[in-house]
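Order of the sequence lines sets the chain letters (A, B, ...), proteins ahead of strands, with each chain counted from 1.
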Amino acid sequence: MKFRSIKGTKDILPEETGRWQHVEKVVRSVMGRSNYREIRTPIFEETALFARSIGELTDIVTKEMYTFADRSGDSLTLKPEGTASVLRAALQHNLTEQAPLLKLYYQGPMFRQERPQAGRLRQFHQFGAEALGSPSPQLDVEIILLPLHVYRELGVRPLTLVINSVGCEKCRPAYREQLIAMLMTVYDQLSPESQARVKQNPLRVLDSKDDQDRKVTQTAPLIKDHLCMECKTHFDHVQSLLHATGAPFTVDGRLVRGLDYYTKTAFEITSSALGSQDALAGGGRYDLLVEELGGKSTPGVGFAAGLERLMIVLEKTGAPVDDQRGPDLFIAAVDEASRRWAFTRTEELRRKGFAVETDFLQRSLKSQMREANRQRARWVLVIGEKELKAGTAQLKNMLGGEERTVTLNDLESALA
RNA sequence: GUGGCCAUAGUUCAGUUGGUUAGAACGCCAGGUUGUGGCCCUGGAGGUCGUGGGUUCAAGUCCCACUGGUCACCCCA
């Protein structure tokens, strides 16, 4: 075997595509009911778009992007996440000017060059949504509920929703200084990763999984306790609205997401059915991002959810697999003349809307019956010299096994 | 990028302190029914034991390197 798929990429095989199609259908349905319209953007963009939106110093931009120069020398990047492309497209086509509120969703492949592990691939798929134009906490909650609706409809049960507020440009700077000051007092005890973050992105130090880091930062101030009036009110509203909708959640003052553009609300949905990479979906509000990308100041909220991780959970929790249905009819033929008849009749019946299969390997009748059984055909039509002459055929029901002679003209009504 | 574990038929695996024709189950093919599936029975095909080197009289088995997979760290979907 010479060629293999690239490290961290995966073929989705026929036995799995049924599940994927089902999930995609549910996503479309949920999004449609909440009035989000689909947008499809290219899988690559100019590199600067991602650097600008995600943040120059984030892990994604500094070490995980698939970046390359095309033949003209332009720096292009395979999209590592969906928000940047969606906003770029919305701005490019002035979508935000056509109505005060714009609600979009997407579904598609993303690329990040990380070391693969359970629930993490180099090419993976996400579905997500972006809502542009309203600062209302209602919209934050609508966005949080979107993936939850999808999960509920798919029967994904053990889920954890965690939310936090990361403040805004008014309250974050002061808090940030205070946090840095505190972190400096324990600097020596922090992990190397966290030490590096103190200056670049101190909030992420609090989100560290390192036990030692956790211990030393026990007494660190939390942003949720230092929000400005506006952010605090907003956060309170988000919580009370979530309560009102009955969605269970917890507040984690240390939750910070890896993308720089979030303001106010940040959230994450995790599942215990996953391994170490347990985030099923994440998102938040980004009121400054549109302006950052050259649009006029427009508030926004969004989320992204991983499809592969969802598939893992669906598989583990034994949610129903909609196994592929077999053909309505398998036409088995025993000699050359009837084989020819079988093929033309197969095509004719397909044209009329029936799922029909026939033999292509010139196999024995017994083998054709086995094949029909393997494919879970509901009926088998056996045709040979006798039948061809008489204008009849043997129609066998593969469930009960009973067989009868039908005239060829009766076939369609017998199937229907 | 760092580290642990793993690598034998299509698949899941076995392979005794290194010992001569590398096995099983499932799957696949065919026959048992000269025109009839599922269950059962019989037979068959299918493997450069990941690749390259080394140790040895002898390597699937031991050693090294590489490649790939996997899990974890980092971070995230």
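- Side chain of Arg254(A) to backbone of Leu206(A): a donor-acceptor contact under 3.5 angstrom is found.
- Taking the side chain as every heavy atom from C-beta outward, Val198(A) and Leu179(A) never approach each other to under 4.5 Å.
- Within 4.0 Å (heavy atoms only), Leu259(A) reaches sugar-phosphate atoms of the nucleic acid but no base atom.
- Here ring pair (Phe, Tyr, Trp, His ring centres under 6.0 Å) pairs that include residues 248-267 of chain A, with residues two or more places apart or in two chains, are His243(A)-Phe249(A), Tyr261(A)-Tyr286(A).
- Across U12(B) and G27(B), the matching P atoms stand 15 Å from one another, rounded to whole Å.
- For the P atoms, the distance from A65(B) to A22(B) is 30 Å, rounded to whole Å.
- Side-chain contact between Tyr36(A) and Glu142(A): present, with at least one pair of heavy atoms (C-beta onward) separated by less than 4.5 Å.
- Distance alone, capped at 3.5 Å, is enough to place a donor-acceptor pair between the Asp213(A) side chain and the Ser191(A) backbone.
- Distance check on atom P: G3(B) versus C66(B) gives 11 Å, rounded to whole Å.
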Next item on the list: Produce a footprint string for nucleotides 34-50 of chain B: one letter per nucleotide, 5' end first; B if the base is under 4.0 Å from any protein heavy atom, S if only the sugar-phosphate is, - if neither.
Entry: -BBBB------------
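- Comparing C64(B) with U11(B), their P atoms sit 28 Å apart, to the nearest whole Å.
- Atom CD of Gln113(A) and atom C1' of G1(B) are 10 Å apart (whole Å).
- Nucleotide G52(B) forms a pair with C64(B), judged by Watson-Crick or G-U wobble geometry with both contacts under 3.5 Å.
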Next item on the list: Tell me, with the steps shown, if Glu38(A) and Arg40(A) meet salt bridge (charged side-chain N to carboxylate O under 4.0 Å, His left out).
Entry: CA-CA 7 Å; Glu38(A) 186 182 10; Arg40(A) 304 189 186 194; 3.0 Å; yes
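- Figure legend. G3(B) is base-paired to C71(B); pairs are counted as Watson-Crick or G-U wobble with both atom distances under 3.5 Å.
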Notebook entry, point to check: Would Thr346(A) and Glu357(A) count as a side chain to side chain donor-acceptor pair (under 3.5 Å) if you check the C-alpha gap in whole Å, the side-chain angles of each, and the deciding distance to 0.1 Å?
Noted result: CA-CA 7 Å; Thr346(A) 294; Glu357(A) 181 58 298; over 6 Å; no
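- Distance check on atom C1': U17(B) versus G53(B) gives 26 Å, rounded to whole Å.
- Nucleotide G46(B) forms no Watson-Crick or G-U wobble pair with any nucleotide shown, as no partner meets the under 3.5 Å limit on both distances.
- Rounded to whole Å, the C1' atom of A14(B) lies 14 Å from the corresponding atom of C26(B).
- If you check every strand for non-hydrogen atoms under 4.0 Å, Ser367(A) touches sugar and phosphate atoms only.
- Here Ala372(A) lies out of heavy-atom contact (under 4.0 Å) with every strand.
- For the C1' atoms, the distance linking G44(B) with G10(B) amounts to 16 Å, nearest Å.
- Under the side-chain contact (heavy atoms from CB on, under 4.5 Å) test applied with Asp287(A), the options Thr298(A), Thr265(A), Val301(A), Thr263(A) reduce to a single match, Thr263(A).
- In this structure, A24(B) forms a base pair with U12(B), meeting either the Watson-Crick or the G-U wobble geometry with both donor-acceptor distances under 3.5 Å.
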Margin query: For a salt bridge (charged side-chain N to carboxylate O under 4.0 Å, His left out) check, start with the C-alpha distance between Arg351(A) and Glu348(A), then their side-chain angles and the critical distance, and finish with the verdict.
Written below: CA-CA 5 Å; Arg351(A) 200 162 54 234; Glu348(A) 181 190 335; 5.3 Å; no
Checklist line | Sequence-aligned protein contact record of nucleotides 68-74 of chain B, with B where the base is within under 4.0 Å of a protein heavy atom and S where only the sugar-phosphate is | finding: SS-BBBB
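- The residue from Lys352(A), Arg378(A), Arg376(A), Arg350(A) that alone fulfils the salt bridge (charged side-chain N to carboxylate O under 4.0 Å, His left out) condition with Asp328(A) is Arg378(A).
- C39(B) and U48(B) have their C1' atoms separated by 39 Å, with the value rounded to a whole Å.
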